[in-house]
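One structure below.
Being a predicted model, the structure only gives us computed values, none of them experimental.
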Amino acid sequence: MDYTKVLKGILDLGEAMINSGAEIGRVEDSLYRLCDAYGFKKRNCWVISSNIQATVETPNGETLTQIRHVPGGEMNFDRLDYLNNLSRFICKNKPDAPELQAKLQEVMDRPEQPRWQHYIAGVMGGAGFAVFFNTNFMDTIVAVLASLIIVALGEVLGKYEHNPLIFNAIIACIVETFIILAVTCGLGEHVNYITIGVVMLLISGIGFTNGIRDLLHRDTLSGIVNIWNSVLGATGIALGIALPILLLKGVM
């Protein structure tokens with residue numbers, strides 16, 4: 001068995017799990033279980049949200065080390081479910097490197113959810129929170145339109161910008177400008193209620209929660225990174241909302 005390619009496949013699986021939204025403890029535990037399944041005598045795996053490192057000793061005494069930078073990706077819990085099932089399959093059946101890669105590629109090639117579902121979810125989330133914060137009918141219409149803008153901008157900007165501070169600042173600035181102008185034109189009445197509702201689409205609740213969980217599991221560095229990214233995202237939201245409020249204060 002080509003253990004170099006097997007280790008590469010294991011790291012590929014770990015990278016796919018991180019990009020799909022898995023918490024660090026789950027990924028690290030999966031890597032150790034996969035290494036044990038292939039009979040590696042010694043295995044040392046280290047995982048954070050942007051990096052995977054693994055050093056193993058193969059059954060024939062060879063020492064292998066591989067390092068993988070993880071650039072990040074869009075969360076996909078449907079894919080993560082299949083990746084978890086794949087890791088269990090690999091632990092049980094121990095396929096060779098080509099079959100391992102084929103099984104992984106099969107999961108990665110699964111059709112993604114239709115884009116219209118993203119827009120429906122965005123509208124339900126943004127407009128739903130807006131209603132929760134006491135918007136009237138016309139405010140809710142503005143919240144629906146603002147939610148659609150957030151989803152559309154997120155899809156476009158996400159291809160080019162991965163810094164949460166800049167990403168959230170740009171989207172929040174554009175959306176807040178739209179909300180202020182819409183209310184000024186009489187399409188709504190309460191800028192603050194609409195903003196509080198739709199901005200919930202930008203808040204990184206999962207990242208912050210995973211960061212706290214990582215800290216509780218003593219994955220200190222990964223926890224700090226996730227929490228800090230959430231703080232940067234929240235700062236971007238605040239800056240993006242504040243700028244149009246200051247610039248359009250006379251209009252309001």
Side chain to side chain donor-acceptor pair (under 3.5 Å), paired with Asp214, selected from Asn226, Thr220, Thr209: Asn226

Heavy-atom pair with the smallest gap, counting every atom of [X] and [Y]:
X: Tyr119; Y: Arg115; value: CD1-O, 3.1 Å
X: Leu86; Y: Leu104; value: CD2-CA, 3.7 Å
X: Leu80; Y: Ala22; value: CD1-CB, 3.6 Å
X: Cys91; Y: Leu34; value: SG-CD2, 3.7 Å
X: Ser49; Y: Val225; value: OG-CG1, 3.4 Å
X: Glu62; Y: Leu64; value: OE2-CD2, 3.5 Å

Decide side-chain contact (heavy atoms from CB on, under 4.5 Å) for Ile227 and Phe208; before the verdict, give the C-alpha distance in whole Å, the side-chain angles of both, and the deciding distance to 0.1 Å. CA-CA 5 Å; Ile227 293 174; Phe208 188 85; 3.8 Å; yes

Sidechain-backbone polar pair: [X] side chain, [Y] backbone, donor-acceptor under 3.5 Å:
X: Asn93; Y: Pro95; answer: no
X: Glu57; Y: Lys42; answer: no
X: Thr135; Y: Ala130; answer: yes
X: Asp139; Y: Glu189; answer: yes
X: Lys41; Y: Thr58; answer: no

Begin from the C-alpha positions of Thr55 and Gln53 and carry the test side-chain contact (heavy atoms from CB on, under 4.5 Å) through to its verdict. CA-CA 7 Å; Thr55 298; Gln53 301 182 22; over 6 Å; no

How many angstroms lie between [atom1] in [X] and [atom2] in [Y], if you round to the nearest 0.5 Å?
X: Leu31; Y: Arg26; atom1: CG; atom2: CZ; value: 12.5 Å
X: Lys8; Y: Gln101; atom1: NZ; atom2: CD; value: 4.5 Å
X: Leu153; Y: Ile170; atom1: CG; atom2: CD1; value: 9.5 Å

So does [X] have more than 12 non-hydrogen atoms from other groups sitting under 6.0 Å from [atom1]?
X: Phe132; atom1: CZ; answer: no
X: Arg68; atom1: CZ; answer: yes
X: Phe167; atom1: CZ; answer: yes
X: Phe137; atom1: CZ; answer: no

Verdict with supporting geometry, Arg213 and Leu216, side-chain contact (heavy atoms from CB on, under 4.5 Å): CA-CA 5 Å; Arg213 178 170 12 194; Leu216 294 176; 5.6 Å; no

When you compare the side chain of Val199 with that of Phe129, does any pair of heavy atoms fall below 4.5 Å? no

Do Ile52 and Gln66 have side chains that approach each other closer than 4.5 Å (heavy atoms only, starting at C-beta)? no

For Cys173 and Ile241, run side-chain contact (heavy atoms from CB on, under 4.5 Å): C-alpha distance rounded to whole Å, both residues' side-chain angles, the deciding distance at 0.1 Å, then the answer. CA-CA 5 Å; Cys173 181; Ile241 292 176; over 6 Å; no

Provide the full list of ring-ring contact (aromatic ring centres under 6.0 Å, His included) pairs with a residue in residues 4-42, sequence neighbours left out, each pair given once. Tyr3-Phe40

